[in-house]
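The next block holds one structure in the form of structure tokens; read it before the comments.
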Amino acid sequence: MTKSILLVGVGGQGTILAAKILTLGLMEAGHDVKMSEIHGMSQRGGAVSSHVRYGSKVHSPVIERGGADVLIAFEQMEALRWLGYLRPGARAVVNSLAIKPVPVLLGNAGYSDKIPTELESKADTTILDAQGEALALGNARALNILLVGAATKIMDLHDIDWHAIIANNVKPAFVEINQKAFSRGQELV
Amino acid sequence: MKKLLLTGDEAIARGAYEAGVTFASAYPGTPSTEILENVAKYNEIVSEWAPNEKVALEAAAGASIGGARSLAAMKHVGVNVAADPLFTFSYTGVGGGLVLISADEPGMHSSQNEQDNRWYAISAKLPMFEPSDSQECIDMLKTAYDLSEEYDTPVLMRVTTRICHSKSIITPNERQNVPIKEYKKNIQKYVAVPAIAARRRLVVEERMAKLALYTESTPHNRIEPGGRIGVIASGMCYNYAREVFGDDATYLKLGYTNPLPNGLLAKFAEQVDTIYIIEENDPYIQNWVERLGYKAIGKPIVPPYGEMTADVLRKALADNLGTSQLPTISYDEALVVPRPPVLCSGCPHRGFFYELAKKKDTVVAGDIGCYSLGFAEPFNGIDYIVCMGAAFSSGHGTRKALAAAGKSTRVVGVMGDSTFFHMGINGLIEVLYNNSDTICVILDNRSTGMTGHQEHPGTGRDIRRNAAHEIDIETTCKALGAKHVTTIDPNDLKAVRKALNEAYERTEPSVIITRWPCVLKPMSQEDYNEFGEDLFKTKYKVDPDACISCRACIRAGCPSTSMDEVTGKMVIDSLSCVGCSVCAQICPPKIAAISKEGGS
């Protein structure tokens, strides 16, 4: 059975590294893995998504609507934007951060404060202050690996040496903080 | 060797390495850009950014004639640019094997059109491969080089965004030792004058007849037995079809798609009751199947546009297959605000578009790059965009038409530095030679920005970021005979205003070069020398007591500026601000609420 993890956020938040850590861990655990991401015009500030799928044999690298088992959202409005991609009963791990899109900055639209309630009422949602937690550990940018830690706990992906995967794939200066963030993420769910 | 998880682009680079490729050239374009970026990591391969796709293919063709296995890579619209050498090189054939990678974009994630480049294989008479995952990218590319040399033909490999930008597992192998063939002069093969080309034309027909046999026997085309429902698919669509039709269908999996295998199709048709054809964009396979007299379900039930992901197929085939879309969670969609791409904080295009947007009675001809975003709120600063390098030439045409109608409306053409070298320089020649007062603006951000900061002939660096000959844009424009060439700092709004006003007063062509680096590009010491050691290291702040909430600064459309919902005062996000100072210049002088942090 193929499982699907959808990572969504805003360009520059580190979704690509998060997806890389996830996929490499899953591959080392012996799964077939595919990953798809869309990038191009939005270098910074646009909506970004990475699709991760794993199982004994994965065909499409793209998660279809209603197909995601877990949503990892780096920003709360992005979580809601992609909620239609979750299957009913799926789990969502959401960073509580709100990043205002340009229509909001320009005053042409509002950023609703009802989003967390909407998420919690429609899906099995865990909202974390991932950025604050990562900052407390020493580096706010580690929020991506903190969220990956939370997601691996939810998906029961325990037989993988995640700390080794992190050690092999981030710059030496950031290994320890990211390992701490990963473990903290697991504690929070 | 240890298995790797690679994108299709990375796998194509790996395949080129393993196939013994010696020369590779490309112009960046999503989703193909990472092919050459990864090829360049192999020191055995001469790797180059070309100024445009035509030049890239011509250089690869020349390398092939010189005896080397060579590769050219480009996005779908780039093949239009390269079509001229492509069609003739099909006649001459190769020395060392040559493969052209065409990266198509069903769904138009980062392109101005959807274009099915499989038709190029038919019209240029080329063999074609369509891999379905990263391992096939490697395997088919290696096969393609052998085929290219055995059948004396360039080969087209058609991939799509989801092949290029999706990762799957591959097993790497050693590089084949392919010596460069000794160059031999052979005018009867390579000199494309009519008398010789007419004889080569017959050779092409003979070649395609032989390839019609190859397509029946290659393992890249195969029947995968299942039930009585038949599915024909190639490329990424094969994976989407597998998701929807499952293991109970019989598949005709096509990896080699010109010419297509008539015999294999006949055998397949005997094994199934119904035939579904799953392909993105045009009915390329469907035309072939129907021409041979088979009934098939394909377009327009399967949409002729967009990506054929599993959810799209389940919906499209509901009446035929009884499929329904997966159940989803419904939610209050009104709470979700669009998040369109925007010019980054500190983008050097911001100051220019802010001033240009104030100009009345003006038509702005845009081009392909991050500055395309100048069309949107809050600037609304572009009237049309045609294709790479069209801003000056199309702007010239518009100006001539408006002049013929007796109108004094001015036309401004806007393009980037990489675009200028790509084809834009020809547009400037057009403006100068055919003399219009079109104002030609080159937004020089010292990089090919939108595709991820590739070097180009104006940056002084090559693909491996080693020092290279730098072609200076201002000198080039002057050498073409442009009399009025002004280079300005686009963050200096007064300078932008002055340059535009002077250009509007002239009845001759004007060139304005805005020179400031892209905030995201890797900076070199030369950048710091030229633009200052504090480049992008300063920040601006709002004095809430001085701010009168007039919202003037918001018109810069900067993602770092917003209004505090409680106080109604403007705030600048100090994490993302990089100190371009545009908002501070817009703040009315009497208010002067925005100033440099730590400054006076």
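Throughout, a chain's letter reflects where its sequence line sits, starting with A, and its residues are numbered from 1.
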Taking everything shown except [X] itself, do over 12 heavy atoms lie less than 6.0 Å from its [atom1]?
| X | atom1 | value |
| --- | --- | --- |
| Tyr111(A) | OH | yes |
| Glu176(A) | CD | no |
| Arg555(B) | CZ | no |
| Asp248(B) | CG | no |
| Phe536(B) | CZ | yes |
| Glu187(A) | CD | yes |

Ranked by heavy-atom pairs below 4.5 Å to chain A, first place among Ser562(B), Ser168(B), Pro327(B) goes to Pro327(B)
For chain A, the option from Thr161(B), Asp332(B), Thr309(B) that forms the most heavy-atom pairs under 4.5 Å: Asp332(B)
Just checking, is any N or O donor in the side chain of Ser36(A) or Arg162(B) under 3.5 Å from an acceptor N or O on the other one? yes
[atom1]/[X] to [atom2]/[Y] distance, rounded to the nearest 0.5 angstrom?
| X | Y | atom1 | atom2 | answer |
| --- | --- | --- | --- | --- |
| Leu86(A) | Thr328(B) | CG | OG1 | 10.0 Å |
| Ser134(B) | Met35(A) | OG | CE | 10.5 Å |
| Met563(B) | Leu105(A) | CE | CG | 10.5 Å |
| Lys122(A) | Ser330(B) | NZ | OG | 5.5 Å |
| Asp133(B) | Ser60(A) | CG | OG | 12.0 Å |
| Leu83(A) | Leu335(B) | CG | CG | 11.0 Å |

Is any NZ, NE, NH1 or NH2 atom of the basic residue among Glu28(A) and Lys3(B) found under 4.0 Å from an Asp or Glu carboxylate oxygen of the other? no
Answer yes when Glu333(B) and Arg81(A) have at least one side-chain N-carboxylate O distance shorter than 4.0 Å, and no when they do not. no
Mind running side chain to side chain contact (heavy atoms under 4.5 Å, CB included) on Val337(B) and Met77(A) for me, showing each step along the way? CA-CA 8 Å; Val337(B) 178; Met77(A) 189 184 283; 3.8 Å; yes
Can you say whether Ile63(A) sits under 4.5 Å from chain B via the side chain, the backbone, both, or neither, judging by heavy atoms? neither
For Gln76(A), is it the side chain, the backbone, both or neither that has a heavy atom under 4.5 Å from a heavy atom of chain B? neither
Given 3.5 Å as the limit, does a donor-acceptor pair link the side chain of Arg65(A) with the main chain of Val312(B), or not? no
Residue selection (most heavy-atom pairs with chain B, distance under 4.5 Å) from Gly84(A), Ser112(A), Ser121(A): Gly84(A)
Please rank Gly110(A), Pro101(A), Gly67(A), Gly107(A) by heavy-atom pairs under 4.5 Å with chain B and give me the top one. Pro101(A)
Evaluate Arg314(B) against Glu64(A) for side chain to side chain contact (heavy atoms under 4.5 Å, CB included), listing each step before the verdict. CA-CA 10 Å; Arg314(B) 284 186 218 281; Glu64(A) 61 184 302; 2.6 Å; yes
Give the intermediate values and the outcome of salt bridge (charged side-chain N to carboxylate O under 4.0 Å, His left out) for residues Lys167(B) and Glu37(A). CA-CA 9 Å; Lys167(B) 286 187 176 180; Glu37(A) 62 198 25; over 6 Å; no
Measuring only between side-chain heavy atoms, which start at C-beta, is Met236(B) closer than 4.5 Å to Pro61(A)? yes
Within-4.5 Å side-chain heavy-atom neighbours: Arg339(B) and Val10(A): yes
Using side chain to side chain contact (heavy atoms under 4.5 Å, CB included), reason through Asp32(A) and Ile169(B) one step at a time and then give a plain yes or no. CA-CA 7 Å; Asp32(A) 186 21; Ile169(B) 298 170; 4.0 Å; yes
